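Report on one structure; see the data block that follows.
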Amino acid sequence: MDEKTKESKFAHITRAHPCFNEKMHDKVGRVHLPLAPRCNIYCNFCTRDINKCEQRPGVASRIMDVDQAVDHVEKVTEDMPISVVGVAGPGDALANEETFEFFKKIHEKFPDLIKCMSTNGLLLKDKAEELARLNISTITVTVNAIDPEIGKEIYSHVVYKDQLYKGEEGFKILSKNQLDGIEKISNLGVIVKVNSVLIPGLNDKHIVDIAREVKKRGASLMNIIPLIPLNKMKDYPKPDCAQISEVRDAVEEIIPVFRACTQCRADAYGIPGKHGEDKHLDMTPASHY
Ligand code: SF4
Ligand code: SF4
Ligand code: SF4
C-alpha cells in the first residue's frame, strides 16, 4: 500500500478509535472480549490472572466463549457509544482459535464496528492474510526489544509450531516474526500500532532503535507503556513520569506517539477513563485515575 493511501486510511479508521486517537480517547468506547486465555510466549514481567480487582492488561474476571462474547457486544453496543471491538487477551489473541471465530461472527453482525486486537506478534507473520480477510482494521503488536542481548532478558521462552525455544534462540524467532508480521500486515492495509514496555536500565535507551525499525516495517504509531514490575521482573524499578516523557519525546522524533494510554484490562468496556462509563465485567467502573 502506498504512503498516501495508508495515510488516508489511518485518518479514516482512527477518527473513531480511542487507542489510536488521543482526541477521541475519552469520547468513544471500546469493548474487549476476554476469549483468548492461552499464550505462546513467556514474558518475564507477566502474571496472567483471572480476578476482579486489578486494572492492567492480562487480567480478566472470566473467560467468555465465542457466543457469549457476541452476546456481550450486542448488549454493550445498545447501552453505550462503542466504536471498537477488540481482543486483548488475557493471553495472546492469535494463539486462540476463538479469536478468529469471534471476528468472523462479529463482522457478519456488526460490519461497521472497527475490529481490533493486540498480540505479542509471534504468529503475526503466519496469520496476517487471515486477519486481513477477517476485516481487522487495527492491530497492536508489543515489541519490547529488537536486540537479542536485551530481548533474552525480557522473554524466557517461546512456543512456536509446537517447539519450545528458550532464551536468545526463542527471542530471535519472536523478533523476526514480529517485524516480518508488521511489514506483511501493514502492506495488507491494516493499521499497526507498536506498544513497547519501558523497562528502566534494560530497554530505555533501546526503544528508539525499536521505533526506527518498526517505522521502516510500516507501523504508524507507538505507545510507550511503563513496566508494572511483577513476576521475574518484580525487582526492576517502575519508570517515573520524567523517564517515560524522555523516551516518548525521543521516539516522537521518529514516529507519532500515543500518550493517553493507561493500560486497560482484557475485559474492559465503555469509554476509556470516563468516570462511571469505563467498566469491566464485574461491572465496577475501572477508572484510570
Ligand atoms: Fe503475558 Fe501477554 Fe507476554 Fe503472553 S504475551 S506472557 S499474556 S504479557
Ligand atoms: Fe485498544 Fe488494544 Fe483494545 Fe485495540 S485491542 S481496542 S488497541 S486496547
Ligand atoms: Fe486503549 Fe485502554 Fe490504553 Fe486507552 S487506556 S489507549 S483504551 S489500552
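Model, not experiment: these values are computed from the prediction. For ligands, and for the atoms within them, numbers begin at 1 and follow the listed sequence.
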Can you tell me if, anywhere in Cys39, an N/O/S atom lies at a distance from atom 1 (Fe) of ligand 1 that is smaller than 2.8 Å? no

Salt-bridge contact Lys216-Glu213 (side-chain N to carboxylate O under 4.0 Å): yes

If you count the atoms of ligand 2 from 1 in the order shown, which ones are under 4.0 Å from a heavy atom of Val84? 6 (S)

Out of all atoms in ligand 2, which are within 4.0 Å of some heavy atom of Cys19? Include the element for each. 1 (Fe), 6 (S), 7 (S), 8 (S)

Considering the heavy atoms of Thr140, write down every atom of ligand 2 situated less than 4.0 Å from one of them. 7 (S)

Closest to atom 8 (S) of ligand 1 among Pro90, Ser118, Cys46, Ser156 (heavy-atom distance): Cys46

Under 4.0 Å from a heavy atom of Asn120: which atoms of ligand 1 are those, numbered in the order shown and with their elements? 5 (S)

Structural part of Met117 in contact with ligand 2, heavy atom criterion under 4.0 angstrom: backbone

Enumerated ligand 2 atoms positioned under 4.0 Å from heavy atoms of Cys116: 4 (Fe), 5 (S), 6 (S), 7 (S)

If you take the nearest heavy atom of each of Ala95, Cys43, Gly91, which one is closest to atom 3 (Fe) of ligand 1? Cys43

Does a side-chain heavy-atom distance below 4.5 Å link Leu124 with Ile139? yes

Would you be so kind as to tabulate the donor-acceptor pairs closer than 3.5 Å made by side chains of residues 179-188, with sequence neighbours excluded?
unit_1: Asp180; atom_1: OD1; unit_2: Arg217; atom_2: NH1; d: 2.9
unit_1: Asp180; atom_1: OD2; unit_2: Lys176; atom_2: NZ; d: 2.5
unit_1: Glu183; atom_1: OE1; unit_2: Arg217; atom_2: NH1; d: 2.9
unit_1: Lys184; atom_1: NZ; unit_2: Lys125; atom_2: O; d: 3.1
unit_1: Ser186; atom_1: OG; unit_2: Ile182; atom_2: O; d: 2.8
unit_1: Ser186; atom_1: OG; unit_2: Glu183; atom_2: O; d: 3.4
unit_1: Ser186; atom_1: OG; unit_2: Arg217; atom_2: O; d: 3.2
unit_1: Asn187; atom_1: ND2; unit_2: Glu183; atom_2: O; d: 3.2

Glu108, CD atom: more than 12 neighbouring heavy atoms under 6.0 Å: yes

Members sharing Met24's hydrophobic cluster (side chains within less than 4.5 Å): Val28

Looking only at side-chain N and O atoms, does Thr119 offer a donor or acceptor that is under 3.5 Å from a partner on Asp92? yes

Indicate yes or no for a side-chain donor-acceptor contact from Arg248 to the backbone of Ile224 under 3.5 Å, with no hydrogens or angles considered. yes

Below 4.0 Å from ligand 1: does a non-hydrogen atom of Ile41 turn up there or not? yes

Compute both the distance and the angle, then confirm whether Lys75 meets the cation-pi test with Tyr269: under 6.0 Å from the six-membered ring centre, within 45 degrees of the axis. no

Heteroatom test (N, O or S) for His32 near atom 3 (Fe) of ligand 2, limit 2.8 Å: yes

